[in-house]
Amino acid sequence: MIEQKKQVRDSAGIYDTLPSFAVESLRRSLLAWYAENKRDLPWRRTRDPYAIWVSEIMLQQTQVKTVIPYYERWLATLPTVKTLAIAQQQDVLKLWQGLGYYARARNLHQAAQVVVAQHGGTFPQTLETAMQLPGIGRTTAGGILSAAFNLPVAILDGNVKRVLARLVALPVPPKRAIAQLWQISEWLLDREQSRDFNQALMDLGATLCTPANPSCFRCPWQPMCQAYQQGIQTEIPMTESRAPIPHKRIGVAVIWDGQGNILIDRRKQSGLLGGMWEFPGGKLEPGETVEECIRREIREELGIEIEVGDRLISVDHTYSHFRVTLEVHHCKHLSGEPQAIECDEIRWVTLEEIEQFPFPAANVRIIEALRSGK
DNA sequence: AAGTCGTGGCT
DNA sequence: TAGCCAAGACT
């Protein structure tokens, strides 16, 4: 414990061990490398803070390749902060469908309304004000303010953590040294060229200083990289072992009304998949069959009686911290008027109408099965 | 302050 | 292929 803290402090004490000319050298070499090697990304072709903001939110915990088509579609549909502010949440979530972490979309939508109502539609230009907007933390605020306005605000995303951890040969997992890593990021930042510097730092991490097989032989920081000099670049950043994630079986109902309509529900705003639509269902309890589970869940959640019929599909899906197997059955509505007991809203829809609603990925699999099965 | 929150790309 | 992890924020 004490030993760990000492190691962190010694290592992050790069400011003491590196003379100021080394800082200048790090900045110069990185910016020179970036000038020749920067990626051509859609959000780098604009300085519109709204567009950059959208990209920063989408890029949270999400790879560039995944984001690009979502980003293009989003800006084509909601080109300004005002259009987003007045949009319906359902349409916002539909644009986000498949990206995951749906609180990002809900918060972005809400923040747009704040920017319009309280900032006259102009994105705030101080770190403190930007961070007050829902969904915008210190890294995202720094990313937006530096990229849109060239303001001297540091960042510390996954790429930067890895790059800096290797630069100083950080002897503990980055999670244990967040404050020190922020100090280094701020200390290195080129305050006259913060836009390019921050982008360069992220590009370095994304293209050369990668998690596996880093291309040290092409890295502008190789001469100053502590990890490289010690030959431990693949050992850093250190990782913590993860606990195995639990598995749950879920009974899911596709309830037909006999006239071609299916019953779907909208999940509550808070928690997993908040605001998204789904086919109703719930966890199997010990000793319970799938059919019994589905009948019980539908009774509890919607207050109706159903007949559980043929199995439609079984869907395996992995979330962040648990896995599920959805056991999906065709069901027939028998009696009772459906009520929104454990959800925000319910609705009967046809297979044609259903595509207008935002569904999480595992439920999209069910819809595909319904389509292909007729 | 550790847990919660998605999905897909990559090896 | 099964696991790791990605331009993190929120509670």
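Everything numeric in this text was worked out from a predicted model, so none of it was measured. Just so it is clear: chains get the letters A, B, ... in the order the sequence lines come, proteins before strands, and each one is counted from 1. Note: hydrogens, waters and symmetry copies are ignored here, and every other heavy atom, side chains too, is used.
At whole-Å resolution of the value, CG in A:Leu156 and C1' in C:dA9 are 14 Å apart. Rounded to an integer number of Å, the gap from A:Ile178 CD1 to C:dC10 P is 15 Å. The distance from atom CZ of A:Arg162 to atom P of C:dA7 is 6 Å, rounded to the nearest whole Å. Distance A:Met238 CE to C:dC4 P: 16 Å, rounded to the nearest Å. Look at CD1 on A:Ile68: it is 12 Å from P on C:dA7, rounded to the nearest Å.
Side chains of A:Arg44 and A:Gln199: a donor on one and an acceptor on the other come within 3.5 Å.
Nucleic acid contact class of A:Arg242 (heavy atoms, under 4.0 Å, all strands): base. Residue A:Leu41 is in base contact, counting any heavy-atom pair closer than 4.0 Å across all strands shown. Counting any heavy atom pair closer than 4.0 Å across all strands shown, A:Gln199 reaches a base atom. At a threshold of 4.0 angstrom between heavy atoms, the contacts of A:Trp96 with the nucleic acid are absent.
Here the side chain of A:His109 pairs a donor or acceptor atom with the backbone of A:Ala87 at under 3.5 angstrom.
Ring centroid separation for the pair A:Trp348 and A:His333 comes in under the 6.0 Å cut-off. Aromatic ring centroids of A:Phe123 and A:Phe149 lie 6.0 Å or more apart.
Residues A:Cys331 and A:Ile306 come closest through the heavy atom pair SG-CD1, 3.8 Å.
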Along nucleotides 4-11 of chain B, 5' to 3', which nucleotides get a B, which get an S, and which get a -, given that the test is a protein heavy-atom distance under 4.0 Å? SBBBBSS-
What N/O pairs connect the protein and nucleotides 1-3 of chain C at under 3.5 Å? Give each pair on its own line.
none

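Counting heavy-atom neighbours within 6.0 Å of A:Arg191 CZ, excluding the residue itself, gives a total of 12 or less.
Between A:Phe322 and A:Tyr319, the ring planes are tilted. Angles from 30° to 60° get that label.
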As a quick check of understanding, evaluate side chain to side chain donor-acceptor pair (under 3.5 Å) for A:Gln229 and A:Gln222, giving each step before the final call. CA-CA 8 Å; A:Gln229 289 178 10; A:Gln222 187 207 94; over 6 Å; no
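When the P atom is compared between C:dA7 and B:dC5, the two are found 23 Å apart, to the nearest whole Å. Taking atom C1' on both nucleotides, C:dC4 is separated from B:dG6 by 15 Å, rounded to a whole Å.
Mapping A:Ala141 and A:Pro211 onto DNA chain C by nearest heavy atom places A:Pro211 at the nucleotide closer to the 5' end.
Test A:Arg296, A:Lys332, A:Arg299 against A:Glu305 for salt bridge (Lys or Arg N to Asp or Glu O under 4.0 Å) and you get one pass: A:Arg299.
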